[in-house]
Amino acid sequence: MSDEAVLTDYKYVFQKDIFKGKVAFVTGGGTGIGFTIAEILMRHGCDTIIASRRLDVLKNAAEKLSRATGQRCLPIQMDVRKPEAITKAVEEALGHFRRIDILINNAAGNFLCPAENLSFNAFKTVMEIDAHGTFNVSKAVFDKYMKNSGGVIINITATLSVRGAALQTHAGTAKAAIEAMTKHLAVEWGPNGVRMMCVAPGPIADTEGMRRLGGNRITDDFLKSIPVQRLGRREDIGNAVLYIASSAGELLTGTTVIADGGAWLTSENNFWRIKNSPLYKQISKM
């Protein structure tokens, strides 16, 4: 079951009805950042489809989201690596809502691992979920709806490939591929009225990914090194998506918004220190 909690003190910057009559499709929308993105879109009048592999988690999340926002939320079981299943999911969504105005490609897989210990299959799996999955869902939604009706596609990436990060060769490579893909599709699909964007979160405190990828080792010195002096929150990423998808972002396409408070500019990113750390040695033995 989903343990996700809705926002209790959300502060509205935009009018609450800016997405009235709109529909968003959010992959990985049952948990984490995807859950909060769906919630913030719904709080602004948007109906949503949330899709992932675990239907029980999706159903529970959809109930919470609808109860908190008063908007409709349709849970659909789907694996982003399987084009036929994606096509059926998109057809089901269109049968229910008749439209998909916004697509959020948020489904992802990640773990910490030195490249020398990374299996061929592990690298392939992350590429399939992140990069292939983003293309698969984007193409299905474009073919079935946005080709003739336009829309906004926002891909959630990361800051891993900006400078290169230890233990993240697989995920960083996949995110870089997504950002390149976004540029190409912006050029090709722009004349169809489709805008393509990426949002790249940095360290986001209230996520399972942060907990799994070393969030318990965040120090005061690290926080002080971030220009905005804090970690990001899921709400920050939801608000970035909100702006890009709204009419305020109509001139934005084919680029990446790095939403990390400037952390990528100032973080030490010292490979040799990481390699000599207890964490690296522990992971290397796995």
Side-chain angles (χ1 to χ4, degrees), residues 3 27-35 52-54 57 78-82 105-137 155-182 198-219 221-223 225-226 231-232 234 237 256 258-261 263-286:
D3 294 325
T27 68
T31 59
I33 291 174
F35 177 90
S52 71
R53 288 178 293 173
R54 293 189 57 187
V57 171
M78 185 190 80
D79 188 331
V80 299
R81 295 172 293 182
K82 299 179 179 179
N105 284 307
N106 171 73
N110 197 7
F111 48 89
L112 296 175
C113 186
E116 61 185 312
N117 292 359
L118 191 63
S119 72
F120 297 116
N121 189 60
F123 184 89
K124 177 184 176 183
T125 297
V126 172
M127 289 296 293
E128 286 179 339
I129 295 171
D130 290 34
H132 296 184
T134 293
F135 178 77
N136 293 341
V137 182
N155 302 320
I156 308 302
T157 58
T159 57
L160 302 173
S161 63
V162 176
R163 291 189 293 170
L167 312 178
Q168 293 281 262
T169 297
H170 46 306
T173 302
K175 300 304 187 185
I178 294 169
E179 293 187 5
M181 183 195 313
T182 298
C198 293
V199 173
I204 304 298
D206 48 345
T207 61
E208 178 62 24
M210 186 67 172
R211 289 185 285 272
R212 291 174 53 199
L213 301 178
N216 61 329
R217 286 173 290 276
I218 296 296
T219 64
D221 286 342
F222 178 80
L223 294 178
S225 76
I226 300 173
L231 296 175
R234 295 186 338 193
I237 306 307
T256 299
I258 296 180
D260 75 340
W264 78 273
L265 294 167
T266 55
S267 64
E268 185 181 37
N269 201 34
N270 188 321
F271 170 70
W272 296 108
R273 181 171 295 180
I274 293 172
K275 190 166 186 178
N276 291 321
S277 70
L279 171 65
Y280 189 95
K281 293 174 182 178
Q282 177 184 349
I283 293 172
S284 298
K285 294 177 182 179
M286 294 176 64

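Residues take their numbers from the sequence shown, with the count starting at 1.
For the residue pair T125 / R81, no side-chain donor-acceptor distance below 3.5 Å is found, with atom types taken as modelled.
Note that the OG atom of S52 and the CE atom of M78 stand 8.5 Å from one another [nearest 0.5 Å]. For the atom pair N110 CG and D130 CG, the distance stands at 7.5 Å (nearest 0.5 Å). Remark: K175 NZ to M181 CE distance equals 11.0 Å, nearest 0.5 Å. The distance from the SG atom of C113 to the CZ atom of F123 is 11.5 Å, given to the nearest 0.5 Å. Summarising the geometry, atom CG belonging to L112 is positioned 7.0 Å from atom NE2 belonging to H170; distances are rounded to the nearest 0.5 Å. Rounding to the nearest 0.5 Å places CG of N269 at 10.0 Å from CG of L160.
The shortest side-chain heavy-atom distance between L167 and F111 does not fall under the 4.5 Å cut-off. Residues T182 and T256 are not in side-chain contact: their nearest non-hydrogen atoms beyond the backbone lie 4.5 Å or more apart. Using a 4.5 Å heavy-atom cutoff, the side chains of V162 and I258 are in contact. A 4.5 Å side-chain heavy-atom check between I33 and I204 finds at least one atom pair inside the cut-off.
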Item to check | F135 and N105: CA distance, side-chain angles, deciding distance, side-chain contact (heavy atoms from CB on, under 4.5 Å) verdict | outcome: CA-CA 9 Å; F135 178 77; N105 284 307; over 6 Å; no
Checklist entry - Could you walk me through whether F222 and L231 pass the side-chain contact (heavy atoms from CB on, under 4.5 Å) check? => result CA-CA 9 Å; F222 178 80; L231 296 175; 3.9 Å; yes
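A search for side chain to side chain contact (heavy atoms under 4.5 Å, CB included) contacts involving A131 returns M127, A177, I178, not counting sequence neighbours.
If you run side chain to side chain contact (heavy atoms under 4.5 Å, CB included) between T134 and each of T27, V80, N155, T157, only N155 comes through.
Across all their heavy atoms, A158 and A200 have their closest contact at O-CB, 3.5 Å. A pairwise comparison of heavy atoms in I237 and P201 identifies CD1-CB, 3.7 Å as the closest pair.
In this structure a side-chain-to-backbone donor-acceptor pair under 3.5 Å is missing from N106 to I156. Put simply, the side chain of Q168 never gets that close to the backbone of P114: no donor and acceptor are under 3.5 Å apart.
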